[in-house]
Peer 1: 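Once you've had a glance at the structure underneath, I'll fire off some questions.
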Amino acid sequence: MAAVETSPHSNTVTSAPSTDASSALPGLGRTLVMAGKLDQKIAETLFAKSQANRTSFIAELTGSGAVSAADLAHTMSVAFAAPLIDLSAVDPLRLPKGLLDSKISQTFRVVALAKRQNRLVVATADPADSQAVEKIKFATQLNIDWVIAEYDKLLKLVSVSTASATESIDSIVGDDFEFDDLPTAEAADAASATSEVDDAPVVKFLHKMLVDAFSMRASDLHFEPYEHNYRVRFRIDGELREVASPPVAIKDKLASRIKVISKMDISEKRVPQDGKMKLKIDPDRVIDFRVSTLPTMFGEKIVIRILDPSSAKLGIDALGYEPVEKERLLSAINRPYGMILVTGPTGSGKTVSLYTCLNLLNNPGVNIATAEDPCEITLPGVNQVSVNDKAGLTFAAALKSFLRQDPDIIMVGEIRDIDTADIAIKAAQTGHLVLSTLHTNDAPTTLTRMRNMGIAPFNIASSVILITAQRLARRLCPNCKKPVEIPAKALLEAGFQPEELDGSWKPYQPVGCSACNNGYKGRVGIYQVMPITEEIQRIILRDGSALEIAEQAKREGVRSLREAGLYKVKLGLTSVAEVLAVSNQ
């Protein structure tokens, strides 16, 4: 096989000359032989030894002393016209995160150093490894620019930058963390069970994953067991990314540990369970987590959601409402009675929006009660109830009780059935402000969804005062985003009006830098805020369709989700591709 040669300034791939005598050797060996740095027989012996021992050829070369790491790096740099880098001067903590999967880094002993537009700068000791080139290209969809590093220094950097359960999990974190709310009586009753999970490497691995997720601004952690592997993924800015691949043998102990500190039944593995836990990082800082387990074919999948209490106190301006939308929402929540609905898929920020409204309304002169499954954010001054279907404390039961507690404002986590909807509507019709959520695609379809649930049109028209549909789009990194030329036809197809293409603004595209995740950093809200006007009430009363409601809302100046997203594109906050991905035309 001919050696693959790549230039840092070109995407062309050329073949280094080879001879029949050295054709059995890998590209690295042939390059060294032809450069006069290694005897061919020694190279063949070391290659045969690496195959027999199932080790890498480069490890045998440097380990045997046949070629020094420094000499090898210099030879590869000259042969492949790639720059040399001294990795001892590279700070592992400042390396960009998420550019390259840790498994690829460990397998091929490479480290991603930077991303420049559609090119990825990667440090390697073996640029002749064509398999590594293809694997990295396929995984990242980027072209590769090699820089050459000394093998021993590269190994150290790979080890530090990809530290996970795959390598020495018992030393990845210290002991300066502790969990709050550990069970007492439950732990005593299940002493034998809990003893199984007091495994130091497992505890430390879990600590590291939770702290890393929080520091990387992840919203969820996924622990997923499969037949032959186990993986951990973080959802960052709405996208799942694999961050660790611990040994599959860890799955039962890790699941048991999580269930113990979340106050779940450690012996029950056949049905889903829900729980909650806290992680104390220092005496003044505690993070809340919501935990959900799900039995799968090869073990329990566990999803942990990070609950950030500070998100409810950001204020309505931080959520991304435009001035007109903000005015409509504030006008609705300051009315004495009626129902306000927030709609959108799971993970679209509905809970944060509701709590932001509650925070604005929360003062000593009002009585606020909430029913949630479960309570995600603690808000002082608000009476919060976690529903418990097994114990009979359903949303409907909680609402009935609220009405006997002299409430002013009621928040229902989700309207799931006709019983909950009926009680919530009656509360809205009898002098209470009711806030809740529904899972629908946009604001107009929310009204027809309620009709399909069995709610009479006159009840909908007389109770609902405003509906907000929302999505979260990834926000472009302000440090590296750059203008992009998009044909006018494509912009028109995306939903822009011809008069908007006047040249007064330019769309931006993600680039990627060490401060962001593939060109995006954080998320921005996209909102469709639809007040229920008299004309829309008439359409509801005659049992009109969602299309009729949408047309009337448009006449009244209500943006669709797509139009609201495209406005964020004009402001340079997100990309056209991102808006197309999260909204419907």
Peer 1: Please lay out, stage by stage, how Gln470 and Ser353 fare under the test side chain to side chain donor-acceptor pair (under 3.5 Å).
Peer 2: CA-CA 9 Å; Gln470 64 183 67; Ser353 292; 2.9 Å; yes
Peer 1: Rounded to the nearest 0.5 Å, how far apart are CZ of Arg538 and CD1 of Ile549?
Peer 2: 14.0 Å
Peer 1: State plainly whether the residues Lys568 and Glu563 are in salt-bridge range, i.e. N to O under 4.0 Å.
Peer 2: no
Peer 1: Over all heavy atoms of both residues, which pair between Glu548 and Ser545 is shortest? Give the atoms and the distance, please.
Peer 2: OE2-N, 3.0 Å
Peer 1: Between Gln537 (side chain only) and Ala461 (backbone N and O only), is there a donor and an acceptor less than 3.5 Å apart?
Peer 2: yes
Peer 1: Working note: Thr574 + Val569, criterion side-chain contact (heavy atoms from CB on, under 4.5 Å); need CA distance, chi angles, decisive distance, verdict.
Peer 2: CA-CA 5 Å; Thr574 189; Val569 172; 4.0 Å; yes
Peer 1: If every non-hydrogen atom of Thr420 is compared with every non-hydrogen atom of Ala396, which pair is closest and at what distance?
Peer 2: OG1-N, 3.8 Å
Peer 1: Around atom OH of Tyr337, are there more than 12 heavy atoms from other residues, nucleotides or ligands closer than 6.0 Å?
Peer 2: no
Peer 1: How far apart are the closest heavy atoms of Asn441 and Leu561, and which atoms are they?
Peer 2: O-CD1, 3.5 Å
Peer 1: Where do Ile540 and Ile532 land on the side-chain contact (heavy atoms from CB on, under 4.5 Å) test, with the steps shown first?
Peer 2: CA-CA 10 Å; Ile540 296 169; Ile532 307 303; 4.2 Å; yes
Peer 1: If you compare all heavy atoms of Arg562 against all heavy atoms of Ser583, which two are closest, and at what distance to 0.1 Å?
Peer 2: NE-OG, 2.8 Å
Peer 1: Does a salt bridge link Asp237 with Arg217, judged by any charged N lying under 4.0 Å from a carboxylate O?
Peer 2: yes
Peer 1: So, taking the atom named CG in Leu142 and the one named CG in Leu99, what distance separates them when rounded to the nearest 0.5 Å?
Peer 2: 8.0 Å
Peer 1: Under a 4.0 Å threshold between the charged nitrogen and the carboxylate oxygen, would Glu134 count as salt-bridged to Lys137?
Peer 2: no
Peer 1: Is there side-chain contact between Met530 and Leu466, with heavy atoms separated by less than 4.5 Å?
Peer 2: no
Peer 1: Does the side chain of Asn359 come under 3.5 Å of the side chain of Thr356 through a donor N or O and an acceptor N or O?
Peer 2: no
Peer 1: Say whether Asn459 and Gln429, considering side chains only, have a donor N or O and an acceptor N or O under 3.5 Å apart.
Peer 2: yes
Peer 1: Can you find a pair of side-chain heavy atoms, one from Leu113 and one from Leu120, that are under 4.5 Å apart?
Peer 2: no
Peer 1: Under 6.0 Å between ring centres: does that hold for Tyr321 and Tyr527?
Peer 2: yes
Peer 1: Do Glu414 and Ser436 have a side chain donor and acceptor closer than 3.5 Å?
Peer 2: no
Peer 1: Would you compute the distance between atom CG of Asp220 and atom CZ of Arg235 and round it to the nearest 0.5 angstrom?
Peer 2: 6.0 Å
Peer 1: With distance as the sole test, does Asn362 use its side chain to make a donor-acceptor pair with the main-chain N or O of Pro380 at under 3.5 Å?
Peer 2: yes
Peer 1: Drop me the distance from His432's NE2 to Ile409's CD1, to the nearest 0.5 angstrom.
Peer 2: 10.5 Å
Peer 1: May I ask you to check whether Tyr567 and Trp505 place their ring centres under 6.0 Å from each other?
Peer 2: no
Peer 1: Here's a test for you: under side-chain hydrogen bond (donor to acceptor under 3.5 Å, both in side chains), which of Lys115, Arg116, Arg119 qualifies with Asp145?
Peer 2: Arg119
Peer 1: Is there a side-chain contact between Leu491 and Leu501 (heavy atoms, below 4.5 Å)?
Peer 2: yes
Peer 1: What I'd like to find out is whether the side chain of Arg305 reaches to under 4.5 Å of the side chain of Phe289, using heavy atoms alone.
Peer 2: no
Peer 1: Restricting to non-hydrogen atoms, name the atom on Leu472 and the atom on Val582 that form the minimum distance, rounded to 0.1 Å.
Peer 2: O-CG1, 3.9 Å
Peer 1: Is it the case that the side chain of Ser331 and the backbone of Arg328 share a donor-acceptor pair, with hydrogens and angles ignored and the cut-off at 3.5 Å?
Peer 2: no
Peer 1: May I ask you to check whether Glu556 and Gln552 show a side-chain donor-acceptor distance below 3.5 Å?
Peer 2: yes
Peer 1: Judged by modelled atom types alone, do Ser560 and Gln528 share a side-chain donor-acceptor pair under 3.5 Å?
Peer 2: no
Peer 1: Give me the one residue out of Ile467, Val558, Thr468 that meets side chain to side chain contact (heavy atoms under 4.5 Å, CB included) with Pro531.
Peer 2: Val558
Peer 1: Got Ile465 and Arg335 here, is their nearest side-chain heavy-atom distance under 4.5 Å?
Peer 2: yes
Peer 1: What I'd like to find out is whether the side chain of Val434 reaches to under 4.5 Å of the side chain of Ile340, using heavy atoms alone.
Peer 2: no
Peer 1: When rounded to the nearest 0.5 angstrom, what distance separates CZ in Phe223 from NZ in Lys301?
Peer 2: 11.5 Å
Peer 1: Which heavy atom of Val366 sits nearest a heavy atom of Leu361, and at what distance?
Peer 2: CG2-O, 3.3 Å
Peer 1: Can you find a heavy atom in the side chain of Val122 that is under 4.5 Å from one in the side chain of Val147?
Peer 2: no
Peer 1: Any chance you could lay out the side-chain contact (heavy atoms from CB on, under 4.5 Å) test for Asn383 and Thr370, step after step, and finish with the verdict?
Peer 2: CA-CA 6 Å; Asn383 306 290; Thr370 74; over 6 Å; no
Peer 1: Answer yes when Arg451 and Asp543 have at least one side-chain N-carboxylate O distance shorter than 4.0 Å, and no when they do not.
Peer 2: yes
Peer 1: Look up atom CG in Leu541 and atom CD in Glu534, then write down how far apart they are to the nearest 0.5 Å.
Peer 2: 11.0 Å
Peer 1: Are Arg290 and Ile304 side-chain neighbours, meaning at least one heavy-atom pair lies under 4.5 Å?
Peer 2: no
Peer 1: Please collect all salt bridge (Lys or Arg N to Asp or Glu O under 4.0 Å) contacts where either partner lies in residues 474-487, sequence neighbours excluded, each pair once.
Peer 2: Glu239-Arg474, Arg474-Glu578, Glu485-Lys506
Peer 1: What verdict does the salt bridge (Lys or Arg N to Asp or Glu O under 4.0 Å) test give for Lys554 and Glu551, after you've listed the backbone C-alpha separation in whole Å, the side-chain angles of each residue and the deciding distance to 0.1 Å?
Peer 2: CA-CA 5 Å; Lys554 187 172 184 178; Glu551 290 174 347; over 6 Å; no
Peer 1: Distance alone, cut at 3.5 Å: any donor-acceptor contact between the side chains of Ser575 and Tyr520?
Peer 2: yes
Peer 1: Determine, stepwise, if the pair Leu341 / Thr437 fulfils side-chain contact (heavy atoms from CB on, under 4.5 Å).
Peer 2: CA-CA 5 Å; Leu341 294 172; Thr437 70; over 6 Å; no
